[in-house]
Amino acid sequence: MSKQVLGALEPAGVFHFFEEMCAIPHGSGNTKAISDYCVAFAKARGLRCVQDESNNIVIYQEGTPGYEDHPTVILQGHLDMVCAKEADCPLNMERDGLDLVVDGDFVRAKGTTLGGDDGIAVAYALAILDDKTIPHPPIEAVFTVDEEIGLLGAAALDCSVLQGRRLLNCDSEAEGILTVGCAGGARCDMVLPVTVGHGCGYCFAVKFSGYTGGHSGAEIHQNRGNALKLIGEAIQAVLNCCEAQLMSLTGGKQDNAIPTEASATLLIPSEERETAFDSLDRWWKEEGDRYGTTDPNGCMMLSKGGDVCADAVSVEDTRRCADLLCALPNGVQAMSKDIPGLVETSLNLGILRLETDALHATSSVRSSVKSDLSALIDSLRKLTEDRGGSFSTRGEYPPWEYRKDSPLRDTMAAIFREQYGKEPVVEAIHAGLECGLFSDRLPGLDCVSFGPDIIDIHTPREHLSIASTQRTWKFLLAVLAAL
C-alpha cells in the first residue's frame with residue numbers, strides 16, 4: 001500500500017492512525033500484529049497497557065488538567081475486520097495491507113473490504129490518546145479482537161482491569177443514531193435420534209425454494225416464510241393421510257439466516273401415492289401459500305419418483321421428526337414495551353440435516369431481556385427432550401438491556417442537538433453488540449454506541465464517509481469535554 005494516501009484528510013490524527021492500521025493485516029483470527037501495534041503505540045507514549053492472551057488491549061491514560069478526578073470513560077471498539085475481496089483482487093489479506101483510495105467524500109480499498117468496521121473506533125481512540133491538547137476524563141481504551149466471529153475477544157476479556165462505568169462504543173455505522181440496547185442470544189442445537197431400516201414403496205421428493213430469507217436479527221419482524229418450518233408442515237400433511245418414511249431431509253446454511261430452501265425425500269406405500277399428493281395439494285392451497293406477500297417467489301415443487309427398496313427412517317421416527325419441526329416456535333415472540341417497533345424476543349430455525357442416526361436442527365435465539373432469553377431456551381430444551389432428543393447451546397452472549405435512566409445517553413443527546421440542530425435517533429437493535437458483554441460484567445455500566453457513516457460493510461464495496469468521520473470526531477470530543 002502506498003503511504004500517505006490519507007495524509008491530506010482531516011482530522012489528521014484519526015486518518016493517520018487509520019492508514020497505519022490498514023497497512024497491517026487484521027482479519028478475524030489474525031490479530032496478533034495489530035494488537036502488538038497498539039502495545040508499541042502505548043509504550044512509545046509512556047502509557048500503561050495490558051495485552052491478554054487473546055490479543056485484547058487496554059490502554060490507560062490519566063485525565064487532562066481539570067479532569068483528573070472525573071469518573072473514568074471507556075472508549076471501546078474491536079481490532080478485527082471482515083476480510084472479503086473481489087474475485088480478481090490479487091491481494092492476500094492474510095499478509096498484505098490494503099490498497100486505499102480517496103474517492104470524493106469516501107475512503108475505500110481497491111478490491112477489498114476497508115475495515116472501517118471497526119478500525120475507525122480504534123483510530124478515534126488512538127488519536128485522542130496521542131493528542132495532549134484534547135480535554136478528557138481518565139480514559140480506558142479497550143480494543144477487543146474477533147468480534148466479527150462471535151464477540152470472542154470481549155467474552156475472553158478480564159473486565160476486572162476496568163474501573164470505568166461509562167462506555168462509548170464506536171461500532172455503529174450510521175451517523176445520527178445513538179444505540180442504547182441490543183439483544184442477547186445463543187445457538188441452540190437439537191438432536192433427535194432416529195432408527196434407519198430397509199423399506200419398500202413409492203419414493204418422491206418435495207422441495208421449497210425461492211423464499212426471500214434475510215438476517216434473523218434485522219429482518220425477523222418481516223414475518224417471511226421459513227423453508228424449514230414449511231418442510232416440516234408438508235411432511236406432517238403426508239403423515240396425516242398415510243404412513244411415510246424419511247429418506248433425506250435438509251435445508252438452511254446458517255442459524256442466523258432465514259432459510260430460503262429445504263427439501264425432503266419420502267417413501268410411502270405405493271398404493272397411497274395419489275392420496276399423499278392430494279393431501280399436499282390441499283395443505284398448500286390452505287396453508288402453504290400464506291407468504292405470498294412477503295415471499296412472492298416462494299414455491300413448493302414435487303418430484304415424482306418410482307417404486308424402490310432402500311434405507312429409510314422408521315415411520316414412528318419420521319412422525320417424531322415432523323412433530324418436532326411443527327412444534328418448534330419460530331419468528332417474533334414478543335415486542336418491546338419500552339421502544340416502539342423493536343423486536344424484543346425472537347428465534348429462527350436456520351439449519352436442518354438428517355444424518356444416518358439423527359435429525360440435527362439449529363435455531364438462533366435472541367432477546368433483549370435476559371430472563372426471556374433463558375425462558376425461550378428452556379422451552380426449546382423441553383420440546384426436544386420430551387421427544388427423546390438431546391439439547392445443547394453454544395455461543396451465548398447476554399443482552400444489553402435498555403436503561404430508562406441513562407445520564408450518558410442524555411448528555412450525548414443534548415450535545416447532538418446543539419451540534420446538529422436536530423434530535424438524534426435513539427434506538428435499540430435486535431442483534432448482538434459487545435456492549436451486552438460489558439454491561440453484563442460491569443455493574444451499573446452506562447453505555448452508548450455510535451459512529452460515522454460506513455456503507456456496505458463486510459463487502460468489497462465498503463466505504464467510509466470523510467465528512468461524517470469529521471462530524472462524528474467533533475461530536476466525540478464534545479462528549480468527552482462534557483464528561
Side-chain angles (χ1 to χ4, degrees), residues 190-211 225-253 258-291 295 297-328 330 349-363 383-384 386-389:
M190 296 152 280
V191 180
L192 191 64
V194 297
T195 301
V196 175
H198 198 64
C200 294
Y202 184 81
C203 169
F204 73 96
V206 57
K207 180 178 181 178
F208 292 87
S209 64
Y211 286 82
N226 181 309
L228 306 191
K229 289 291 292 180
L230 288 167
I231 199 73
E233 293 179 25
I235 296 168
Q236 187 61 62
V238 175
L239 286 164
N240 286 340
C241 71
C242 64
E243 293 187 342
Q245 295 177 260
L246 275 169
M247 298 176 67
S248 70
L249 178 58
T250 186
K253 296 180 179 179
I258 302 169
T260 61
E261 294 188 357
S263 60
T265 305
L266 293 166
L267 188 67
I268 61 173
S270 297
E271 65 274 14
E272 299 286 352
R273 59 184 179 182
E274 293 304 326
T275 303
F277 295 152
D278 288 345
S279 179
L280 276 171
D281 186 59
R282 285 195 304 273
W283 169 80
W284 177 253
K285 290 177 179 178
E286 294 173 1
E287 299 289 342
D289 199 25
R290 60 188 179 272
Y291 299 106
D295 302 81
N297 297 316
C299 63
M300 179 181 73
M301 295 175 289
L302 297 180
S303 298
K304 299 179 182 180
D307 291 325
V308 300
C309 289
D311 289 340
V313 175
S314 69
V315 174
E316 179 183 354
D317 286 350
T318 297
R319 290 189 183 279
R320 289 170 56 242
C321 290
D323 181 49
L324 178 62
L325 292 177
C326 291
L328 289 175
N330 191 77
L349 179 61
I351 303 174
L352 195 61
R353 297 288 185 273
L354 179 62
E355 305 293 348
T356 55
D357 59 352
L359 177 69
H360 296 259
T362 301
S363 285
L383 285 169
T384 306
D386 283 352
R387 288 159 178 80

Side-chain donor/acceptor of Thr265 to backbone N/O of Ser248, under 3.5 Å: no

Please say which of Thr250, Leu192, Val313, Val196 ends up in a side chain to side chain contact (heavy atoms under 4.5 Å, CB included) with Leu354. Val313

Within the 4.5 Å heavy-atom criterion, are Trp283 and Asn240 side-chain neighbours or not? no

Crowding at CD, Glu316 (>12 non-hydrogen neighbours, <6.0 Å): no

Where the side chain of Arg320 meets the backbone of Pro193, is there a donor-acceptor pair that is under 3.5 Å apart? yes

Decide, yes or no, whether a salt bridge links Arg282 with Asp278 under the criterion of side-chain N to carboxylate O below 4.0 Å. no

Give me the ring orientation class for Trp284 and Phe208: parallel if the planes are under 30° apart, tilted from 30 to 60°, perpendicular past 60°. tilted

Between Met247 and Ala310, what is the shortest heavy-atom contact and its length? CE-CB, 3.8 Å

Decide side-chain contact (heavy atoms from CB on, under 4.5 Å) for Asn330 and Leu228; before the verdict, give the C-alpha distance in whole Å, the side-chain angles of both, and the deciding distance to 0.1 Å. CA-CA 10 Å; Asn330 191 77; Leu228 306 191; over 6 Å; no

Qualifying side-chain hydrogen bond (donor to acceptor under 3.5 Å, both in side chains) pairs, either residue in residues 302-313, two or more places apart: Ser270-Asp307

For the side chain of Ser279 and the backbone of Ala237, is there at least one donor-acceptor N/O pair under 3.5 Å apart? yes

Near Glu233 CD, under 6.0 Å, is it more than 12 heavy atoms from other residues, nucleotides or ligands? yes

Measuring from atom CG of Asp281 to atom CD of Glu286, what distance do you get when rounded to the nearest 0.5 angstrom? 9.5 Å

